[in-house]
Amino acid sequence: MTEAYQSKCLQSTWTLYKEWVFESLCHHEIASGTTLTLLPMTVVEDRLHRTWGTAFLRTLEIESRQMTIYSSTSKPEATRDHSLYYVPAEVNNATFDGFLHGFDDRNTLYAFQMITEDVHPTTKLGLERLLKRAHPDAPITMIYLILPGSNFSVPRPEQRFEPEFQFYTCEMTCVTAFRFSSDTEQVAEPESDMEDEDDAMEA
């Protein structure tokens, strides 16, 4: 195994660790009760991009809830308790990492996706699963929880989803103490002494 390959393995391991820690912190923040500052996403060609500034921001107050794991095979009625925060049992869920139901008159479903990168997929299947979990005729607010300063974007969903969905980003400033910056991802490739050792052996 070359040292360059070892360096790439370390980078990959750190990325996975960073994603896991960030997701865990976000789950804890939501379940504990928090106030999120949301910014609507805007359409640019075939993508949804985060907006900058404060002109259109809104806040979302979340009361503390019990976090519970559910299976994708469970009936929709089994995941409509407003006192719970639902997290899918499936590890690889490309579209959302958890959801809860609001106490507003429309029973809005708030879905959350925790992202440490600047781009991420949004699948048709994932959006359809959220529609299934929502109360009948309830709107869905999709919230991407991102790192501060991230220039985040996702592919624009099919237009048939637009009447039911609104898309927002939220910078999770609660995790800045952990310094999830791009600089910490860089793992310097160590200098190799292999050639010097070979020259010494030949001598």
Task: N/O donor-acceptor pair under 3.5 Å between S150 side chain and I146 backbone - done: no
TODO: Using the test ring-ring contact (aromatic ring centres under 6.0 Å, His included), find all partners of F167 that sit at least two apart in sequence or belong to another chain.
DONE: F165
TODO: Taking the side chain as every heavy atom from C-beta outward, state whether L38 and I143 have any pair of such atoms under 4.5 Å apart.
DONE: yes
Task: Closest approach of I115 to V119 (non-hydrogen atoms, all atoms of both residues) - done: CG2-O, 4.5 Å
TODO: Look up atom OG1 in T34 and atom CG in L60, then write down how far apart they are to the nearest 0.5 Å.
DONE: 9.0 Å
- [ ] For G126 and T95, work out which heavy atoms get closest and say how close.
- [x] CA-OG1, 3.5 Å
Open item on the list: I need the minimum non-hydrogen distance between L100 and L84, along with the two atoms involved.
Closed with: CB-O, 3.9 Å
TODO: For residues 152-169, pull every pair meeting salt bridge (Lys or Arg N to Asp or Glu O under 4.0 Å), keeping only residues two or more places apart or in separate chains.
DONE: E128-R160, R156-E162, E158-R160
Open item on the list: Side chains of H27 and F112, heavy atoms from C-beta outward: is any pair under 4.5 Å?
Closed with: no
- [ ] Output every pair passing salt bridge (Lys or Arg N to Asp or Glu O under 4.0 Å) with a member in residues 50-69, not counting sequence neighbours, ordered by first then second residue.
- [x] R50-E171
Open item on the list: Once ring-ring contact (aromatic ring centres under 6.0 Å, His included) is applied, do any residues pair with Y110, and if so which ones, sequence neighbours excluded?
Closed with: none
- [ ] Could you tell me which residues satisfy ring-ring contact (aromatic ring centres under 6.0 Å, His included) with F103, sequence neighbours excluded, listed by chain and number?
- [x] H82
Open item on the list: Ignoring hydrogens and geometry beyond distance, is a side-chain donor-acceptor pair present between S74 and R133 at under 3.5 Å?
Closed with: yes
Task: Test side-chain hydrogen bond (donor to acceptor under 3.5 Å, both in side chains) applied to E45 - qualifying residues, sequence neighbours left out - done: none
Task: pair L48-T42: side-chain heavy atoms closer than 4.5 Å - done: no
Task: Residue pairs involving residues 76-99 (criterion salt bridge (Lys or Arg N to Asp or Glu O under 4.0 Å); sequence neighbours excluded) - done: none
Open item on the list: Running the 4.5 Å side-chain criterion over Ile, Leu, Val, Met, Phe, Trp and Tyr, what cluster does L57 land in, apart from itself?
Closed with: L39
Open item on the list: Applying ring-ring contact (aromatic ring centres under 6.0 Å, His included), can you list everything that pairs with Y144, at least two apart in sequence or on another chain?
Closed with: F152
TODO: Please lay out, stage by stage, how M142 and F96 fare under the test side chain to side chain contact (heavy atoms under 4.5 Å, CB included).
DONE: CA-CA 8 Å; M142 183 74 215; F96 64 96; 4.1 Å; yes
Open item on the list: Once rounded to the nearest 0.5 Å, what's the spacing between atom CD of Q166 and atom CE of M41?
Closed with: 13.0 Å
Open item on the list: Minimum heavy-atom separation for T51 and P40, please, with both atom names.
Closed with: OG1-O, 2.8 Å
Open item on the list: Suppose we screen for side-chain hydrogen bond (donor to acceptor under 3.5 Å, both in side chains). Which residues come up paired with T73, at least two apart in sequence or across chains?
Closed with: S71
Task: Spacing of L36 atom CG and C170 atom SG [to the nearest 0.5 Å] - done: 4.5 Å
Task: Beyond-backbone contact of W20 with L25, side-chain heavy atoms, under 4.5 angstrom - done: no
Open item on the list: Is there a path of hydrophobic side-chain contacts, each under 4.5 Å between heavy atoms, that joins F56 and V43?
Closed with: no
TODO: Apply side chain to side chain contact (heavy atoms under 4.5 Å, CB included) to the pair F161 and K124, showing each step before the final yes or no.
DONE: CA-CA 9 Å; F161 292 109; K124 178 176 68 175; 3.7 Å; yes
Open item on the list: Does the plane of the ring in F99 sit parallel, tilted or perpendicular to the ring in Y70? Use 30° and 60° as the thresholds.
Closed with: perpendicular
Task: Contact list for residues 99-112, test salt bridge (Lys or Arg N to Asp or Glu O under 4.0 Å), sequence neighbours left out - done: none
Open item on the list: Show the nearest heavy-atom pair for residues P155 and P121, with the distance to one decimal.
Closed with: CD-CA, 4.2 Å
Task: Approximate separation, where rounding is to 0.5 Å, of I62 CD1 and I30 CD1 - done: 5.5 Å
- [ ] Tell me, please, which residues at least two apart from H101 pass side-chain hydrogen bond (donor to acceptor under 3.5 Å, both in side chains).
- [x] none
- [ ] Would you give the length of the straight line joining atom CG of L109 to atom CG of N107, rounded to the nearest 0.5 angstrom?
- [x] 10.0 Å
Task: Under 3.5 Å side-chain donor-acceptor pair for S32 and S64 - done: no
TODO: Kindly determine whether Y85 and T68 satisfy side chain to side chain contact (heavy atoms under 4.5 Å, CB included), including the steps that lead there.
DONE: CA-CA 6 Å; Y85 171 50; T68 184; over 6 Å; no
- [ ] Quick one: do L127 and T122 satisfy side chain to side chain contact (heavy atoms under 4.5 Å, CB included)? Show the steps, please.
- [x] CA-CA 8 Å; L127 297 179; T122 296; 3.9 Å; yes
Task: Spacing of E29 atom CD and T35 atom OG1 [to the nearest 0.5 Å] - done: 9.0 Å
TODO: Decide whether I69 and M114 are clustered together by the hydrophobic rule: side chain heavy atoms of Ile, Leu, Val, Met, Phe, Trp, Tyr closer than 4.5 Å, transitively.
DONE: yes
